[in-house]
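What follows is a short report on a single structure.
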Number of protein chains: 2
Amino acid sequence: MESSVGLRERKKEATRQAVHEATLRLTVEHGFDHVTVEAVADAAGISRRTFSNYFTGKEDALLHGEEQQIRDLVRTVRDRPAEETAWAALRAAMTQFAERVAPPEREWALRTRLAMQHPSLLARQLANHAALERDLAEAVASRRSPSQKSVRPLVLAAAFLSSLRIAMRMWIEEDLAREPAEVIDEILDEMACRFD
Amino acid sequence: MESSVGLRERKKEATRQAVHEATLRLTVEHGFDHVTVEAVADAAGISRRTFSNYFTGKEDALLHGEEQQIRDLVRTVRDRPAEETAWAALRAAMTQFAERVAPPEREWALRTRLAMQHPSLLARQLANHAALERDLAEAVASRRSPSQKSVRPLVLAAAFLSSLRIAMRMWIEEDLAREPAEVIDEILDEMACRFD
DNA sequence: AGAATAATTGCGCAGTGGGCAATATTGCTC
DNA sequence: GAGCAATATTGCCCACTGCGCAATTATTCT
């Protein structure tokens, strides 16, 4: 059994992904609050009850994609060469990130993020960000000498994620006119100050 | 009728405040998710249905206080003398803010913010912050020459509110050992870099 | 194969948000 | 003051939600 992860796990993950995608599809199609959990479950081929076993609500299901992306981002930061500055590592990871976001999903992103005007979604999204901010701060902290002030990583992570958020918002509001990487760079430069 | 604001408005505001306080009281008493809207409405002397006319949910009602505080903060920033730097104005406003928060509500804050561990509350809180970030950015923008880059206020506001958030979290996690103003200053210094 | 473990499902229930229409309250004009 | 328009409150109702519980089904292990 060379499968590092059992069939059970893989199937579960596949289902989770399917539910996520069903939520996404139905949302761009009908609008977030005209989609019932039942409809999503139906589209994903599971029962309403099972939906609750995977996600606590529609919001989580819809944002699952983004959460994965940011989780990847954190992992990337953690794996950057140790000699890099923290801020440099963050920027590098971000570049990698922007590349993977850009190519396929332009209008996809458009409608998705537009649906994200919804208060309930915005809230959940920011809560995710906050949770991952901790992880990001840890990843940053693990690459500095322990003599450094312990608040530095927290501040760095927060500044960085705020930049990301602002850049995304601007990108959307400019109707995806520019390359994501360009917008992100602009914001990061503005935020950068003395972090490098 | 010298009342700049009619009796109607004032009464409405009083009710809103009453509902907010009832929510707060019941929450510290029984825990957030053991409090029903009905109980709150009851305690505030209104019907369950009327509660919905004031707030969209328990979270909003509970966070109404904080929202007011930040709204005040924004107003204060707007009213700072025009010759001040943006960042200086923010710091000054913050000092004023911290003073008003500190004196009465120490354990109050403790239990309140502790209740804010609740995911649903955290989410709504952050959404509020995001909404007010726009206003704050505007307030900042209105005090600079229009030649400046337009993203600067956005970044400033975000950095500032992130600092506030981090400081609050640290303050809580240190069990209110230090003065709020002290913690806030520490974080702001760390974030400050070149903003002044 | 058969037992152990874990996932899916149906059922039920208390709670919720909000539309709608009836009712009560407030503000304004005479 | 009285009468009227504007606005706030309430009750009723219903679709939707999250979750506990127990039965059923699928998977993994020995």
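Protein chains get the first letters and strands the later ones, always in sequence-line order, with residue 1 at the start of each.
- Applying the side chain to side chain donor-acceptor pair (under 3.5 Å) rule to E66(A) yields the partners R113(A), Q125(A); only residues at least two apart in sequence or on another chain are considered.
- A distance-only check finds a donor-acceptor pair linking the side chain of S47(B) to the backbone of T50(B) [under 3.5 Å].
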Checklist outcome for this item: Reading nucleotides 15-21 of chain D from 5' to 3' and marking B where a protein heavy atom lies under 4.0 Å of the base, S where only the sugar-phosphate is that close, and - otherwise, the string is -SBBBBB
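- The NZ atom of K12(B) sits 13 Å away from the P atom of dG27(C) (whole-angstrom rounding).
- Between D185(B) and R91(B) there is a salt bridge, since at least one side-chain N of the basic residue sits less than 4.0 Å from a carboxylate O of the acidic one.
- With the end axes of the helix from dA1(C)-dT30(D) to dC30(C)-dG1(D) each set by five pairs, the angle from one to the other reads 30° at 10° resolution.
- In this structure, D60(B) places its CG atom 12 Å from C1' of dG17(C), rounding to the nearest Å.
- Note: CZ (R10(A)) to C1' (dA26(D)) measures 15 Å, nearest angstrom.
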Distance-only criterion, 3.5 Å: show the donor-acceptor pairs between side-chain atoms of residues 130-137 of chain B and protein atoms not counting sequence neighbours.
{"from": "E133(B)", "atom 1": "OE1", "to": "R165(A)", "atom 2": "NH2", "distance (Å)": "3.1"}
{"from": "R134(B)", "atom 1": "NH2", "to": "E173(A)", "atom 2": "OE2", "distance (Å)": "3.2"}

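- In this structure the side chain of L26(B) reaches within 4.5 angstrom of the side chain of H30(B), judged on heavy atoms.
- Contact between the side-chain N/O atoms of T50(A) and the OP1/OP2 oxygens of dT8(C) is not found at any separation under 4.0 Å.
- With rounding to the nearest 0.5 angstrom, the CE atom of M191(B) is 6.5 Å from the CE atom of M191(A).
- Partners of T56(A) under the side-chain contact (heavy atoms from CB on, under 4.5 Å) rule, at least two apart in sequence or in another chain, are D60(A), R124(A).
- Side-chain atoms of K11(B) lie closest to dT25(C) of the nucleotides dT10(D), dT25(C), dT9(C).
- Atom OH in Y54(B) sits about 11 Å away from atom C1' in dT7(D), given to the nearest Å.
- Atom CD1 in I46(A) sits roughly 11 Å away from atom C1' in dA7(C) (whole-Å rounding).
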I'd like a table of donor-acceptor pairs (distance under 3.5 Å, sequence neighbours excluded) in which one partner is a side-chain atom from residues 12-19 of chain A, with atom names and distances.
{"from": "T15(A)", "atom 1": "OG1", "to": "K11(A)", "atom 2": "O", "distance (Å)": "3.0"}
{"from": "R16(A)", "atom 1": "NH1", "to": "Y54(A)", "atom 2": "O", "distance (Å)": "3.3"}
{"from": "Q17(A)", "atom 1": "NE2", "to": "E21(A)", "atom 2": "OE2", "distance (Å)": "3.4"}

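- As rounded to whole Å, 12 Å separates atom P of dG10(C) from atom CG of N53(A).
- In this structure, the CD atom of E9(A) is 16 Å from the P atom of dT5(C), given to the nearest Å.
- For the atom pair NE2 (H20(B)) and CD (E67(B)), the distance works out to 10.5 Å, reported to the nearest 0.5 Å.
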